[in-house]
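Please read the structure below before turning to the comments.
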Amino acid sequence: TAISGTRYRFDPGEGTGGNPMTDFSFRVKDPDGAESGVTTVTIHYQCKAGEYVDQPDRVCRSCPPGQVSSAAGLMTLCEPCAAGTYTAAAAASSCSRCAIG
């Protein structure tokens, strides 16, 4: 069976912590039955804004208070808020200005 033109959806499933990277290996056979070598692809999943990829567990985790990730993607670190800004809660995607005083 050829996989040309066929879409395959791979979902890490519930309980995996939203695993953002998963290695997936497969072989294909041509119409004559000849089998290909093993092909391995890494499927990347994006963490939401306010999350980062915890290595080596490869799961999305919330940024701690005081740190942010401003965009969805494969962020491996959260960045600290700049001087004069803060986040009071975990999983923040932006920092707020501190009150004057």
Side-chain angles (χ1 to χ4, degrees):
T1 305
I3 61 171
S4 174
T6 303
R7 288 185 171 189
Y8 290 89
R9 180 184 165 126
F10 182 81
D11 186 343
E14 196 171 325
T16 65
N19 188 345
M21 295 179 288
T22 301
D23 290 336
F24 180 63
S25 298
F26 60 93
R27 293 177 188 261
V28 294
K29 289 185 180 180
D30 68 18
D32 296 325
E35 194 171 273
S36 73
V38 173
T39 300
T40 300
V41 295
T42 299
I43 301 168
H44 295 273
Y45 294 91
Q46 293 191 355
C47 294
K48 297 181 282 187
E51 296 181 341
Y52 70 100
V53 179
D54 185 12
Q55 299 289 349
D57 296 334
R58 300 188 295 184
V59 295
C60 294
R61 302 219 188 268
S62 297
C63 292
Q67 297 184 18
V68 296
S69 71
S70 58
L74 199 57
M75 305 295 291
T76 56
L77 296 171
C78 296
E79 297 188 13
C81 291
T85 64
Y86 74 100
T87 64
S93 59
S94 64
C95 299
S96 301
R97 290 191 179 272
C98 295
I100 297 174

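Position 1 is the first residue of the sequence; numbering continues from there.
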- Taken in chain and number order and not counting sequence neighbours, the residues that satisfy side chain to side chain contact (heavy atoms under 4.5 Å, CB included) with A89 are none
Just distance, no hydrogens or angles: give the donor-acceptor pairs under 3.5 Å from side chains in residues 93-101, sequence neighbours left out.
none

Donor-acceptor pairs are to be reported for all side-chain atoms of residues 67-74 against protein atoms at under 3.5 Å, with residues two or more places apart or in another chain.
unit_1, atom_1, unit_2, atom_2, d
S69, OG, G50, N, 2.9
S69, OG, E51, N, 3.1
S69, OG, E51, O, 2.8

- Query: Taking all atoms of both residues into account, what is the closest heavy-atom pair of A90 and P65, and its distance?
  - Reply: N-CG, 3.9 Å
- Closest non-hydrogen contact found for C81 with Y86 is SG-C, 3.8 Å
Residues 31-38, side-chain donor-acceptor partners within the protein, below 3.5 Å, at least two apart:
unit_1, atom_1, unit_2, atom_2, d
S36, OG, V28, N, 3.0
S36, OG, V28, O, 3.4

